[in-house]
Amino acid sequence: MSAAADAQAIGARVPAWLRRLTDVRPAEVPALGWSWLYIFAILSSYYVMRPIRDQMGLAGGLENLPWLFTATLIGMLALNVPFGWLVRTLPRARFVPLTYRFFALNILVFAGAIAVSEGERLVWIGRVFFVWLSIFNLFVVSIFWATIVDVFDTEQGKRLFGFIAAGATLGAITGSAFTAVLARDVPTALLLIAAALLLEVAVFSMRRLARLSDALRREPGASTEAIGGGVIAGITRALTSPYLLAISLFLLLFSITSTFLYFEQAAIAKRSFPDRGAQTAFFASVDLAVNALTLGVQLFLTGRIVRRLGVGLTLAILPLVSVLGFGLLALSPTITAVVVFGVLRRAGNFAIARPVREVLFTVLPREDRYKAKSFIDTVVYRLGDQVGAWSYALAGAMGLGPTALPILAVPLSAIWLLNGLWLGRRQEALAQERETERTDEAPPARPLTRAAAPPG
């Protein structure tokens, strides 16, 4: 049986509850299921490790976090070149598993190093792990979404990306809960081994998804042929294409303002929880709250919001929330306001902004989906971290009050909002152009001959 026929046969049995949650077509159900397991495994792995990273970052000193962000940016730049070579040389079915297994091997190395280290040596391992996990997170998630964009088109993305993102949230909830419950009693090394095993689940899911992708996108060879192109094409394209530059600006402004809130949360945890296990549990609990809220929105609202508002207005929601939230912090810089705004903002990003942002890449060539997208999702994102982290450090060195950065974030968020509206209009125009080209390239329908005509 062909992949298309197999997908249709399985999809025909789609349960009623799934139809109520998302507008999925029968042939899309198998790919949707493997996409869910794929991102569930990745986010479970990351969120098992994220609280460990945050705790180890604090152990190295809050004042050193800007330097860790700088090291992360350098690591991102260094890793993009060999990744570009992999994309150029190998088909998707090979370079994606190789990348994930490289990271899984790294996790096992960290597990062994942490198990046999203590004191100052453990602090330095923690700093390296902080940088590494910050790189890991963006790369593995970016590769996932690049694969998804390669499988589903724009119309499917509007219907399904929010629901697929719910798989990420469920994985994040599972990983956060796993660490929150076990962090005080289970050695860190064992938690890391569990995270490495989850990456192997992601590899298995990706391969099953790849078997369906050619039929779903009607692009024969998409999973078995190398993409080709230049090794640094992702960098050059991201810096020369107006559309990709606008996407970069959208992500840069999000990252800068997110870093402002991250440092506030880190400072609160340092003051409130002197015990390392308690700090780890606190970070995991915050993540759990964010992801529980996100899951509800993704399952019941994201797809409906995108279909009702379109890409541009949906992208503008998070910047608008940020304008209002940072304005509130400027007027009332309290701990409660920082935590509540942070939870709402992160949930808004995961539930709405992130899946809709991925729709922007569905109108691009395959080379841009992997190379330029990887550069934007990793280097540009971490560049925003740099700007935000060093702005925080500079504000502290200058003795500025807690309202300085929220005041700065308000106009930045307003620019971000206008940028999102422009991107939405441009994406819709490019999607229409691609559809017109596809129609023009399709062979004309053959007229029915008298012999072939159906009986009347």
Side-chain angles (χ1 to χ4, degrees), residues 65-66 68-80 131 134-135 137-139 141-142 145-146 149 232 234-264 311-312 314-323 325-326 342 345-346 348-350 352-361 364 368-369 371-395 404-427:
L65 286 183
L68 298 181
F69 279 104
T70 300
T72 300
L73 177 61
I74 295 171
M76 290 292 189
L77 283 167
L79 199 55
N80 261 273
V131 172
S134 300
I135 295 172
N137 171 40
L138 294 186
F139 253 99
V141 175
S142 178
W145 280 111
V149 167
I232 62 171
I235 299 174
T236 57
R237 286 283 298 156
L239 298 179
T240 57
S241 164
Y243 183 67
L244 290 172
L245 279 172
I247 296 176
S248 298
L249 178 61
F250 187 92
L251 195 58
L252 185 71
L253 292 173
F254 167 73
S255 179
I256 291 172
T257 50
S258 293
T259 304
F260 292 168
L261 288 176
Y262 175 83
F263 276 90
E264 291 294 331
V311 174
T314 306
L315 285 175
I317 291 175
L318 188 60
L320 178 60
V321 170
S322 298
V323 169
F326 281 116
R345 179 186 155 96
R346 286 177 60 195
N349 175 57
F350 296 140
I352 299 174
R354 179 61 192 262
V356 178
R357 193 176 78 233
E358 301 304 334
V359 175
L360 299 174
F361 291 95
L364 295 173
D368 286 343
R369 293 176 200 164
K371 297 179 183 178
K373 176 174 169 52
S374 174
F375 177 78
I376 292 170
D377 285 350
T378 59
V379 175
V380 172
Y381 187 93
R382 288 309 177 199
L383 179 61
D385 283 346
Q386 285 292 285
V387 175
W390 288 107
S391 296
Y392 184 90
L394 181 61
L405 292 183
I407 290 174
L408 175 61
V410 171
L412 289 178
S413 299
I415 296 171
W416 181 22
L417 188 153
L418 296 175
N419 168 250
L421 293 173
W422 184 89
L423 275 171
R425 290 195 298 269
R426 184 59 183 151
Q427 191 275 339

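Numbering of residues begins at 1 and proceeds along the displayed sequence.
Annotation: the span from Ile247 atom CD1 to Asp368 atom CG amounts to 9.0 Å, rounded to 0.5 Å. The line from CG of Leu249 to CG of Leu423 is 8.0 Å long, rounded to the nearest 0.5 Å. The structure places CD1 of Ile376 at 11.5 Å from CD1 of Ile235, a figure rounded to the nearest 0.5 Å. Remark: Leu239 CG to Leu244 CG distance equals 9.5 Å, nearest 0.5 Å. Atom-to-atom distance recorded for Ser248:OG and Tyr243:OH is 11.5 Å, nearest 0.5 angstrom. Here CG of Leu412 is found 10.5 Å from CH2 of Trp416. Values are rounded to the nearest 0.5 Å.
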Check the pair Leu138 / Asp377 against side-chain contact (heavy atoms from CB on, under 4.5 Å), numbers first and verdict last. CA-CA 6 Å; Leu138 294 186; Asp377 285 350; 5.6 Å; no

Residue pair Val359, Thr314: steps toward the side-chain contact (heavy atoms from CB on, under 4.5 Å) verdict: CA-CA 11 Å; Val359 175; Thr314 306; over 6 Å; no

Should Arg237 and Phe375 be marked as a side-chain contact (heavy atoms from CB on, under 4.5 Å) after you check the CA-CA gap, both sets of side-chain angles, and the distance that decides it? CA-CA 10 Å; Arg237 286 283 298 156; Phe375 177 78; over 6 Å; no

Ser322 vs Arg345, test: side-chain hydrogen bond (donor to acceptor under 3.5 Å, both in side chains). Steps then yes/no. CA-CA 7 Å; Ser322 298; Arg345 179 186 155 96; 2.6 Å; yes

If you apply the rule side-chain contact (heavy atoms from CB on, under 4.5 Å), what do you find for Val141 with Arg354, and how did you get there? CA-CA 11 Å; Val141 175; Arg354 179 61 192 262; 3.4 Å; yes

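In this structure, Arg357 contributes its side chain and Leu251 its backbone to no donor-acceptor pair below 3.5 Å. The backbone N or O of Phe250 sits less than 3.5 Å from a side-chain atom of Asn419, completing a donor-acceptor pair. Between the side chain of Ser241 and the main chain of Ala238, no donor-acceptor pair closer than 3.5 Å is present.
The minimum heavy-atom distance between Thr257 and Ser413, with the atom names listed, is CG2-OG, 4.1 Å. The shortest heavy-atom contact between Ala316 and Leu421 is CB-CD2, 3.8 Å. When all heavy atoms of Phe361 and Arg369 are compared, the closest pair comes out as O-CG, 3.7 Å. Residues Ser374 and Thr378 approach most closely at O-OG1, 2.5 Å, considering heavy atoms.
A 4.5 Å side-chain heavy-atom check between Leu360 and Leu315 finds at least one atom pair inside the cut-off. Here the side chains of Leu318 and Ile352 are not in contact, with every heavy-atom distance at 4.5 Å or above.
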